[in-house]
Amino acid sequence: MAAVALDQYLASILKSNSTDRNEIKLEAGNPDFDMFTIYLENHNTGIHRYQIDVSTILYVAKGTVTIKSGEKIITMKSGNVLLLTEGWKYEVKSQKEDSVLVKLKFKPGFAYREYFKYFSYKGKRENKVIEQIIDSLGNEHVLWLKNNQITRASRVMQHIIGGYLNNDLFATALIQAELTVMLIISIRTQRMATPTNLDKTKFEKKSLDNYIDAHFADVSLADAAKYFGFNPNYFSNMVKAKTGKSFVDHVDERRMQEARELLAQPDISLKEIIGRVGYSSKSFFYKKFNQYYHMTPAAMREELFRQANINLK
């Protein structure tokens, strides 16, 4: 497995699988490992609907997967993590042909709400974030962490899966530590997202923000209008009337926010950032960025590094 990327290895398991079961169990490298069990979501036909009796993490190692959780639709892309509490129901609505959905099913008794309480120290900011997380898990039963494939949190998640599959020394202790690291990094970069309500016809700004947050890297006015159930021209005018800004302005604003977050990460190139936020033209990206922040991306990155005391020289 070390010779190939993890997503390629997992995809090869799915491809060679002959069972018609919805889930494919992966055996732990160490038979005594008892923190969780990993499964892959099969690509067989039929309804993939689950009621889980243990806390579960869904991780998209490759591609795109659409999850229905209660009355919410969640479109997960590569690198995204979804935490699901025990006793909850969800359905895998669709997955692209090349998608790889990994599931970490924890042993009975593992409770996220208690787990997150140990993250905060005594700072008001930390306590407020933890309270929001616990409320989300209590009310929605899910927490969506919108990491992408190139973020550190996603790489840690891949290392967790690799540690499970191998039989290395102190794997359990390392995986426990890495799970905490992955969650804290995700929270610190504020990649938590609110699932989109299925009631699309009751349009409001929050619904639009949620939709754009989930699709900003690859979105069009026509797609958004179709999603909310409106004619594109009517939808465009309605967005402008209700929010004071055009649909394109909303998308550009979200892309600029994401670009700023990515610029703060030294291991991501500017070329990667431009593609990640949904622009195909470097010059157009620079123009939009300067309009929004009144400085170049390079100047913004230098300032963010200075604030974080990062010196790459």
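It should be emphasised that the depicted structure is a prediction, and the values quoted were computed from it without experimental measurement.
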Task: Test item: side-chain donor near acceptor, D252 and Y279, under 3.5 Å - done: yes
Open item on the list: Is it the case that atom CD in E302 sees more than 12 heavy atoms from other parts of the structure closer than 6.0 Å?
Closed with: no
Open item on the list: For the CG atom of N166 and the CD1 atom of I161, what is their distance to the nearest 0.5 Å?
Closed with: 12.0 Å
- [ ] Look at the side chain of N22 and the backbone N and O of I47, then say whether any donor-acceptor pair between them is shorter than 3.5 Å.
- [x] yes
Open item on the list: Membership question, hydrophobic clusters at under 4.5 Å side-chain separation (ILVMFWY): are Y234 and V248 in the same one?
Closed with: no
- [ ] Begin with the C-alpha distance, continue with both residues' side-chain angles, and end with the deciding distance and a verdict on salt bridge (charged side-chain N to carboxylate O under 4.0 Å, His left out) for E23 and K105.
- [x] CA-CA 12 Å; E23 298 177 319; K105 296 186 179 182; 2.8 Å; yes
Open item on the list: Can you tell me if D218 has over 12 outside heavy atoms packed within less than 6.0 Å of its CG?
Closed with: no
Open item on the list: Tell me the closest heavy-atom pair linking R276 and A217, and the distance in Å.
Closed with: O-CB, 3.3 Å
TODO: Find out if a path of hydrophobic residues (ILVMFWY) with successive side-chain heavy-atom gaps under 4.5 Å connects I175 to Y39.
DONE: no
Open item on the list: Does K245, at its NZ atom, have more than 12 non-hydrogen atoms belonging to other residues, nucleotides or ligands within less than 6.0 Å?
Closed with: yes
Task: Side-chain heavy atoms of R49 within contact of K89, under 4.5 Å - done: no
Open item on the list: Could you check whether any side-chain N or O of R301 sits under 3.5 Å from a backbone N or O of R260, counting only pairs where one atom can act as donor and the other as acceptor?
Closed with: no
- [ ] Apply side-chain contact (heavy atoms from CB on, under 4.5 Å) to L58 and V92, showing your working.
- [x] CA-CA 11 Å; L58 305 185; V92 180; 5.9 Å; no
- [ ] Taking Q149 for its side chain and G79 for its backbone only, find out whether a donor-acceptor pair lies under 3.5 Å.
- [x] yes
- [ ] Using modelled atom types only, decide if a donor and an acceptor are shared between the side chain of S69 and the backbone of Y90 within a distance under 3.5 Å.
- [x] no
Open item on the list: If we count only N and O atoms by modelled type, under 3.5 Å, do the side chains of E303 and Q307 hold a donor and an acceptor together?
Closed with: yes
Task: L262 side chain near N148 side chain, heavy-atom distance below 4.5 Å - done: yes
Task: Full working for salt bridge (charged side-chain N to carboxylate O under 4.0 Å, His left out) between R254 and E258 - done: CA-CA 6 Å; R254 181 62 185 88; E258 184 74 6; 3.3 Å; yes
Open item on the list: Students often mix this up, so state it plainly: with edges at 30° and 60°, are the rings of F106 and F110 parallel, tilted or perpendicular?
Closed with: parallel
Open item on the list: Side chains of H215 and D223, heavy atoms from C-beta outward: is any pair under 4.5 Å?
Closed with: no
Task: Exercise: do S186 and N147 side chains pair donor with acceptor under 3.5 Å - done: yes
Task: Any side-chain heavy-atom pair of N17 and L40 under 4.5 Å - done: no
TODO: Measure the spacing between CG of L84 and CD1 of I74 and express it to the nearest 0.5 Å.
DONE: 7.5 Å
TODO: Would you name the heavy atoms of D7 and V100 that are closest together and state the gap between them?
DONE: O-CG2, 4.1 Å
Task: Interatomic spacing from NZ in K25 to CD1 in I38 - rounded to 0.5 Å - done: 11.5 Å
- [ ] Measure the CD1-CG distance between I24 and L14 for me, rounded to the nearest 0.5 Å.
- [x] 5.0 Å
Open item on the list: So D168 and L174, do their side chains get closer than 4.5 Å, heavy atoms only?
Closed with: no
Open item on the list: Checking T37 against K107 for the side-chain contact (heavy atoms from CB on, under 4.5 Å) test, could you report, in this order, the C-alpha distance in whole Å, the side-chain angles of both residues, the deciding distance, and whether it holds?
Closed with: CA-CA 8 Å; T37 302; K107 298 300 179 182; 3.4 Å; yes
Task: side-chain contact (heavy atoms from CB on, under 4.5 Å) assessment of K62 paired with L10 - done: CA-CA 9 Å; K62 185 179 181 182; L10 298 176; over 6 Å; no
Task: Polar side-chain atom of N80 near backbone of V60 as donor-acceptor pair, under 3.5 Å - done: no
TODO: State the NZ-CZ distance between K271 and F285, to the nearest 0.5 angstrom.
DONE: 14.5 Å
- [ ] Working to the nearest 0.5 Å, report the span between OG1 of T151 and CD1 of I268.
- [x] 7.0 Å
Open item on the list: Between Y50 and T56, is there a side-chain heavy-atom distance shorter than 4.5 Å?
Closed with: no
Open item on the list: So does T19 get a backbone contact from the side chain of N42, meaning a donor-acceptor N/O pair under 3.5 Å?
Closed with: yes
Task: Working for side-chain contact (heavy atoms from CB on, under 4.5 Å), residues L263 and F289 - done: CA-CA 12 Å; L263 282 168; F289 194 92; 3.6 Å; yes
- [ ] Indicate the atoms forming the closest heavy-atom contact of I274 with S281, along with that distance.
- [x] CG2-O, 4.3 Å
TODO: Report whether M256 and M300 are members of the same hydrophobic cluster (ILVMFWY, side-chain heavy atoms less than 4.5 Å apart, transitive linking).
DONE: yes
Task: Cluster check V81, I184: I/L/V/M/F/W/Y, side chain < 4.5 angstrom - done: yes
Task: Heavy-atom donor-acceptor pair, R255 side chain to V277 backbone, under 3.5 Å - done: yes
TODO: Indicate the atoms forming the closest heavy-atom contact of Y164 with L26, along with that distance.
DONE: OH-O, 2.6 Å
TODO: Look at the side chain of H43 and the backbone N and O of K15, then say whether any donor-acceptor pair between them is shorter than 3.5 Å.
DONE: no
Task: Contact check, side chains of V54 and F36, non-hydrogen atoms, under 4.5 Å - done: no
Task: Atom of G63, atom of D98 and distance for their closest heavy-atom approach - done: CA-OD1, 4.2 Å
Task: Contact summary for A264 and L304, nearest pair of heavy atoms - done: N-CD1, 3.8 Å
Open item on the list: Less than 4.5 Å apart, side chain to side chain, heavy atoms only: is that true for Y59 and Q158?
Closed with: yes
